[in-house]
Amino acid sequence: MRKEVIVGASVATVATVVVAGVLLARWKKRDERRWRQTQRILRRFARDCATPVPKLWHVAFDLVSDMQTSLSDQSQTDFVMLPSYTSSLPNGNEEGLYYGVNLREDNFLLLSARLRGKHEPITDLQREEVDIPTEVISGSLKELFDFIALKLAVFISTKTKTDPIAPKGKLGFTVSFPLLEGPAAAATSKNVIRWKSFSVNDAVGKELAHEVNEALGKHGIDLRVSALVDATLGDLAGGRYYNRESVAAVTLGLATNAVYVESAQLSPNAGESKLGEMVIDMQWGNFNTPHLPITEFDTALDSESSNPGCRMFEKLIGGIYLGEVVRRVLLKMARETAIFGESVPAKLKTPYTLRSPDMAAMHQDTSENRDAVHEKLLEVFGKSPDYIILYDI
């Protein structure tokens with residue numbers, strides 16, 4: 001828990017300081033008043049992002065308290081963890097050629113790999129990333145799964161010539177945004193998906209696995225999906241293939257989530273399940289506590305988002321938001337200290353123009369004149385300083 005908060009806060013802080021530092025060097029001698037104001041902005045930002053050990057303990061205690069409340073009575077908390085069942089987790093003895101799909105918000109990943117059992121390494125790994133056309137994203141669920149099945153059929157055709165798939169084999173299907181599961185879903189193979197920003201509008205209440213299987217049959221693919229699960233649960237399954245003692249998985253990417261193995265007796269949603277353990281999908285992007293290091297820029301980002309007040313933890317450490325936090329810091333400095341000149345670049349005013357990969361590229365620039373920083377700022381905002389020198393703040 002401590003590492004995730006530190007990573008999110010420190011990456012945004014350090015990247016902002018690096019980018020701001022190279023921009024501000026040229027202005028220091030020209031205008032001392034602006035320079036001092038810039039320092040104040042940076043120092044306040046760094047102070048508000050700080051995660052001293054006592055604060056981290058408070059965050060950890062609050063998270064554990066919310067977890068316990070969610071397990072005992074979900075009506076008493078907004079932090080709702082979702083139970084799954086572990087009967088299909090690998091045990092390390094699986095063998096054969098397996099296929100998988102990871103559905104993301106505007107693309108999906110097709111995978112194939114050979115498992116050799118007895119905890120042997122995975123071999124023959126192949127992957128292909130496919131962008132989802134805009135008309136499919138805005139269309140129906142049937143159109144989405146039909147498009148995925150079509151691309152999967154082409155992907156599989158390159159393998160079946162020499163290594164046919166097993167009849168009625170299983171297809172792994174993970175989703176990189178929140179899934180809503182429950183006892184009814186487990187009993188009837190239903191999964192109700194709660195789309196975060198994907199706009200397939202008839203997903204809620206659908207039997208997603210059934211819809212996928214219909215599309216697979218239409219395209220002659222002799223594979224079947226038994227359930228759609230969160231991608232982090234898929235990571236846990238991968239860990240279980242190698243080590244039966246794996247009990248948790250954490251995703252730190254564009255979004256964030258965590259899953260862990262829990263005793264079924266501790267969950268009120270376990271019903272009459274005879275399984276000794278369950279997988280708990282924490283959905284910890286929804287976690288919130290007054291002890292989180294929330295800055296004025298995080299507050300503004302949240303208030304202007306499509307889900308104000310929701311998924312605060314994810315908005316602090318999710319990669320999709322880190323570049324936007326840096327952009328907001330730079331925009332404040334551009335307006336108050338003119339680090340980009342007397343006029344603020346139009347693109348600097350546009351939300352999410354600065355992406356986390358851009359931020360990372362600038363943060364990794366170790367050249368004497370910060371050439372990569374100069375090039376990236378010019379590329380993203382259409383404007384950068386006339387010259388860049390290294391300056392340590």
Side-chain angles (χ1 to χ4, degrees), residues 1-28 31-63 252 256 284-285 287-305 308-340 344 348-349 351-356 358-360 362-365 370 373 377 390-393:
M1 179 66 205
R2 176 180 178 181
K3 291 182 179 179
E4 286 76 27
V5 175
I6 291 176
V7 168
S10 64
V11 168
T13 304
V14 174
T16 303
V17 170
V18 169
V19 177
V22 296
L23 287 171
L24 297 175
R26 62 178 295 195
W27 291 100
K28 183 177 179 181
D31 194 330
E32 289 295 331
R33 181 183 61 82
R34 288 176 173 176
W35 170 249
R36 288 193 296 271
Q37 174 61 10
T38 299
Q39 288 182 314
R40 283 193 290 269
I41 293 173
L42 286 174
R43 287 170 181 167
R44 180 179 178 182
F45 179 65
R47 183 177 65 251
D48 292 345
C49 283
T51 54
V53 172
K55 178 185 284 287
L56 293 175
W57 275 113
H58 284 303
V59 172
F61 285 142
D62 287 351
L63 177 59
L252 290 171
T256 184
W284 75 357
F287 172 64
N288 196 5
T289 170
H291 298 292
L292 288 176
I294 298 176
T295 70
E296 63 179 285
F297 306 101
D298 298 308
T299 300
L301 183 153
D302 174 58
S303 66
E304 297 171 19
S305 69
C310 299
R311 306 193 71 79
M312 287 304 301
F313 188 53
E314 182 170 270
K315 288 173 182 174
L316 293 181
I317 67 174
I320 196 171
Y321 301 107
L322 295 180
E324 174 60 8
V325 171
V326 174
R327 183 198 67 83
R328 289 172 180 269
V329 178
L330 293 176
L331 178 60
K332 181 179 179 69
M333 290 191 293
R335 286 172 170 168
E336 297 185 11
T337 70
I339 61 172
F340 279 89
V344 178
L348 183 57
K349 302 176 184 178
Y352 295 95
T353 304
L354 184 65
R355 303 173 304 117
S356 292
D358 300 324
M359 183 184 71
M362 290 187 285
H363 178 49
Q364 294 172 4
D365 183 9
R370 301 291 186 178
V373 174
L377 290 172
L390 176 63
Y391 188 86
D392 293 327
I393 297 180

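Keep in mind that this is a model prediction, so the values were computed, not measured.
Closest of all the heavy-atom pairs between Ser356 and Gly323 is OG-N, 3.3 Å. Glu324 and Tyr352 get closest at one heavy-atom pair: OE1-N, 2.6 Å. Residues Arg327 and Thr353 share a closest heavy-atom pair of CD-N, 4.2 Å. In terms of heavy-atom proximity, Ser303 sits nearest to Pro308 at O-CG, 3.9 Å. Nearest heavy atoms, Asp365 versus Val373: OD2-N, 3.2 Å. Scanning both residues, Met312 and Gly309, for their nearest heavy atoms gives CG-O, 4.1 Å.
The side-chain heavy atoms of Phe287 and Asp62, taken from C-beta on, include a pair separated by under 4.5 Å. Considering only heavy atoms from C-beta on, Glu314 stays 4.5 Å or farther from Ile320 through its side chain. Counting heavy atoms from C-beta on, the side chains of Thr295 and Arg328 never come closer than 4.5 Å.
To the nearest 0.5 Å, atoms CD1 (Ile339) and CG (Leu331) are separated by 9.5 Å. Distance check: Ile41 CD1 to Gln37 CD gives 4.5 Å after rounding to the nearest 0.5 Å. Separating the CG atom in Leu330 from the OG1 atom in Thr337 is a distance of 9.5 Å, to the nearest 0.5 Å. The CG atom of Leu292 sits 9.5 Å away from the CD1 atom of Ile317 when rounded to the nearest 0.5 Å. To the nearest 0.5 Å, the span separating NZ on Lys55 from OG1 on Thr289 amounts to 8.5 Å.
Ring geometry, His291 versus His58: the interplanar angle falls under 30°, so the pair is classed parallel (tilted spans 30 to 60°).
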Check your understanding: Can you list the steps and then say if Glu336 with Arg40 is a salt bridge (charged side-chain N to carboxylate O under 4.0 Å, His left out)?
Key -> CA-CA 11 Å; Glu336 297 185 11; Arg40 283 193 290 269; over 6 Å; no

Exercise for review: Would you sort out whether Val325 and Phe45 count as a side-chain contact (heavy atoms from CB on, under 4.5 Å), showing the intermediate values?
Suggested key: CA-CA 11 Å; Val325 171; Phe45 179 65; 4.0 Å; yes

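In this structure, the salt bridge (Lys or Arg N to Asp or Glu O under 4.0 Å) partners of Asp302, at least two apart in sequence or on a different chain, are Lys315. By the salt bridge (Lys or Arg N to Asp or Glu O under 4.0 Å) test, Glu296 pairs with Arg44, Lys332, sequence neighbours left out.
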